[in-house]
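Please read the structure below before turning to the comments.
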Amino acid sequence: MSELPVIGLAGGIGSGKSLVASQLRQLGCLVCDSDAMSRDILRDRAVRDQLVAWWGSGILDRDGEIDRSRVASIVFARDEERRRLESLIHPLVEARREALFERPPPGTKALVIDAPLLLEAGLGDKCDSIIFVDCPRPIRLARLSAIRGWSAEEVERREAAQWPLDRKRQAADTIVRNDDDPASLRQQVSKALEQVLAEIGRVR
Ligand code: ATP
């Protein structure tokens, strides 16, 4: 692992973590998008075969690939199935993240972990600083309904697998509010990055 500061992103579902991640990328950070990595890992043959062995070929789409919405409905309905999936996928994501962070391009300012279950998975310990993306629930629900077609029930089902928001907020070093336009978020993100670089620079 390089000596660069590591920033973790936390927040409610649909709070804007990925948007913050892309803004940090534009500001010169190297981002590990754990969701994208998980999606890629689900296309791996060995992983696909393991999931079919657990849950049957009903989880495959017409092309024989994993249908993520079918997997989601299994794992968000039963905790033990979710844990089983996580114990398979998380170590694979971790290995890819370590490989990505091993050699950041020259000039990289910081490393960023964008993982939906950052704190729940114990990844907070790997971070020098955690940014909590705060976005009021009604705004999150409106965005998720408009963009992903998710109902409030769907969001609740997924939230049940996560820490309560207050606990995540308390674990954070910095809070950015995402209840306005992306430009206002970007200003806060830029300031938060400067703070991390100044503070981590001091301790290292
Ligand atoms: P998840 O918890 O599912 O990983 P997330 O926290 O990463 O979600 P995003 O994917 O960044 O959240 O944001 C959710 C949706 O809301 C996205 O479609 C994003 O483009 C939109 N969005 C986020 N912030 C804003 C904003 N300030 N203005 C308008 N749309 C926004």
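Numbers here are sequence positions counted from 1. Every number for a ligand or one of its atoms is a count from 1 in the order of the listing. Below, each value reflects all heavy atoms present in this structure, side chains not excepted, and no hydrogens, waters or symmetry copies.
For the pair Gln23 (side chain) and Pro182 (backbone), a donor-acceptor distance under 3.5 Å is present. Panel note: side chain Glu65, backbone Asp61; no donor-acceptor pair is recorded below 3.5 Å. The main-chain N or O of Ile131 is never found under 3.5 Å from a side-chain atom of Thr174 such that the two would form a donor-acceptor pair. Checked by atom type and distance alone, the side chain of Arg177 never pairs as donor or acceptor with a backbone atom of Val133 at under 3.5 Å.
Shortest contact from atom 8 (O) of ligand 1 to any protein heavy atom: Gly14 N, 3.2 Å. For atom 10 (O) of ligand 1, the closest heavy atom belonging to the protein is Arg148 NH2, 3.0 Å. Closest protein heavy atom to atom 12 (O) of ligand 1: Gly16 N, 3.1 Å. Nearest protein heavy-atom neighbour of atom 5 (P) of ligand 1: Lys17 N, 3.5 Å. Nearest non-hydrogen protein atom to atom 24 (N) of ligand 1 is Asn178 ND2, 2.9 Å.
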Donor-acceptor pairs under 3.5 Å, side chain of residues 25-33 to any protein atom, not counting sequence neighbours: which ones?
| from | atom 1 | to | atom 2 | distance (Å) |
| --- | --- | --- | --- | --- |
| Gln26 | OE1 | Arg186 | NH1 | 2.7 |
| Asp33 | OD1 | Asp35 | N | 3.1 |
| Asp33 | OD1 | Ala36 | N | 3.0 |

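Trp150 does not carry Arg157 over the face of its six-membered ring by the limits of under 6.0 Å from the centre and within 45° of the normal.
Heavy atoms of Asp114 stay at 4.0 angstrom or farther from ligand 1. Heavy atoms of Pro116 come nearer than 4.0 angstrom to ligand 1 in no pair at all. No heavy atom of Arg158 sits closer than 4.0 Å to any atom of ligand 1. Assignment of Ser15 to the shell around ligand 1 is supported, since a heavy atom sits closer than 4.0 Å.
Of the heavy atoms in Leu19, both backbone and side-chain atoms come closer than 4.0 Å to ligand 1. Only the side chain of Arg143 comes within 4.0 Å of ligand 1, judged by heavy-atom distances.
Among Leu9, Ile147, Asp180, the residue whose heavy atom lies closest to atom 20 (O) of ligand 1 is Ile147.
Around CZ of Arg103, the count of heavy atoms belonging to other residues, nucleotides or ligands within 6.0 Å does not exceed 12.
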Would you check, one step at a time, whether the test side chain to side chain donor-acceptor pair (under 3.5 Å) holds for Trp54 with Glu81?
CA-CA 9 Å; Trp54 288 342; Glu81 300 300 348; over 6 Å; no

